[in-house]
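Data first, discussion second: the structure below is written as structure tokens.
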Amino acid sequence: QKEVEQDPGPLSVPEGAIVSLNCTYSNSAFQYFMWYRQYSRKGPELLMYTYSSGNKEDGRFTAQVDKSSKYISLFIRDSQPSDSATYLCAMSAGTGNQFYFGTGTSLTVIP
Amino acid sequence: DAGITQSPRHKVTETGTPVTLRCHQTENHRYMYWYRQDPGHGLRLIHYSYGVKDTDKGEVSDGYSVSRSKTEDFLLTLESATSSQTSVYFCAISVTYTGELFFGEGSRLTVL
């Protein structure tokens, strides 16, 4: 079983839609959770960084962590064509310099 | 811009040849990482460094070695490249071992 599972998609939505991206994990020791956006042929760009459970909001982006269910989500409100990219989740227990990544969800926002 | 430069950005080489990829940072961060990204596998850690001359293996370290003689430079070497090492390689840096990872633009390596 992989440490982190992420639906690869692809996901296609109309402009203005609310997008929900999700990851599940198996290691209850994970405490640090991240979401990255990766445009084609570019490096991953950090979007959100959260510690432990709860919500964090930054503009149109909201990250949620539910440690009891081992489930994290990224919500994008009022999606824009510029949001079209692959979104990667990542997490860490905070020991051993190990970050575990999902395989990414490909998102296309149609104008 | 996280101040990370990877070189070369693209390289085509033949099986059995040595290859060195360079990561240079201007942030003076302590932690540096090399990942490879492949379809269906996501990002996998090859090696990381927690200081000058301090390195350790990651999940997929076989066939790779690293060196860090200066804070700003982290080198990844493939001693004898194989076709299975065809991949996109990303360097990343972080301030602390629990902190956010910042990635470079990637080095695309093709081994024929």
Side-chain angles (χ1 to χ4, degrees), chain A residues 1-10 21-27 29-52 56 58 61 63 65 72 74 85-106, chain B residues 1-7 9-10 21 23 25 27 29-51 54-61 66 68 74 87-109:
Chain A
Q1 182 186 7
K2 286 185 178 179
E3 297 272 4
V4 180
E5 299 280 359
Q6 184 174 11
D7 186 338
L21 304 167
N22 310 293
C23 288
T24 59
Y25 61 95
S26 57
N27 189 342
F30 288 154
Q31 300 184 73
Y32 302 89
F33 304 92
M34 287 151 276
W35 284 97
Y36 288 85
R37 177 175 62 197
Q38 186 175 23
Y39 292 115
S40 179
R41 295 185 173 264
K42 295 288 189 181
E45 169 194 9
L46 181 67
L47 279 177
M48 302 289 277
Y49 175 86
T50 56
Y51 170 70
S52 196
K56 183 175 183 179
D58 185 0
F61 300 90
V65 176
I72 69 170
L74 178 70
T86 296
Y87 290 80
L88 308 168
C89 63
M91 45 200 80
S92 167
T95 59
N97 282 277
Q98 279 281 27
F99 294 83
Y100 295 88
F101 286 83
T103 52
T105 300
S106 175
Chain B
D1 185 359
I4 306 169
T5 304
Q6 291 186 229
S7 59
R9 294 291 313 280
H10 302 273
L21 305 180
C23 178
Q25 62 150 328
E27 307 297 319
H29 286 355
R30 178 179 176 186
Y31 298 90
M32 298 185 75
Y33 308 80
W34 276 108
Y35 285 88
R36 60 178 289 174
Q37 187 175 40
D38 305 287
H41 290 279
L43 284 157
R44 292 181 291 173
L45 181 65
I46 304 171
H47 281 279
Y48 64 94
S49 170
Y50 44 96
D54 291 324
T55 64
D56 208 344
K57 296 178 180 180
E59 177 188 0
V60 290
S61 60
V66 290
R68 192 172 178 195
F74 193 31
S87 186
V88 181
Y89 292 85
F90 287 100
C91 175
I93 62 175
S94 67
V95 176
T96 69
Y97 67 89
T98 59
E100 302 97 313
L101 282 177
F102 297 97
F103 286 86
E105 290 292 277
S107 294
R108 188 171 296 270
L109 176 67

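Chain naming here is simple, since letters A, B, ... match the order of the sequence lines and numbering starts at 1 in each. Note that the structure is predicted; figures quoted are calculated from it, not measured.
- The salt bridge (Lys or Arg N to Asp or Glu O under 4.0 Å) analysis of residues 91-102 of chain B, with sequence neighbours excluded, yields no pairs.
- The aromatic rings of B:F103 and B:F90 sit perpendicular, their planes meeting at an angle over 60°, well past the 30° parallel limit.
- When each of B:R44, B:H41, B:E105 is scored by its heavy-atom pairs under 4.5 Å with chain A, the top score falls to B:E105.
- Remark: the backbone N or O of B:T55 is not paired with any side-chain donor or acceptor of B:S49 at under 3.5 angstrom.
- Within the 4.5 angstrom heavy-atom criterion, no atom of A:Y100 approaches chain B.
- Of the atoms belonging to B:Q6, not a single heavy atom falls under 4.5 Å from chain A.
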- [ ] Determine, step by step, whether A:K56 and A:D58 satisfy the salt bridge (Lys or Arg N to Asp or Glu O under 4.0 Å) criterion, reporting the C-alpha distance in whole Å, the side-chain angles of both residues, the deciding distance to 0.1 Å, and the verdict.
- [x] CA-CA 7 Å; A:K56 183 175 183 179; A:D58 185 0; over 6 Å; no
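- Heavy-atom distances place both the backbone and the side chain of A:P44 under 4.5 Å from chain B.
- With a 4.5 Å cut-off on non-hydrogen atoms, A:Q6 does not touch chain B at all.
- Using a 30° and 60° split on the angle between ring planes, A:F33 and A:F30 fall in the perpendicular class, above 60°.
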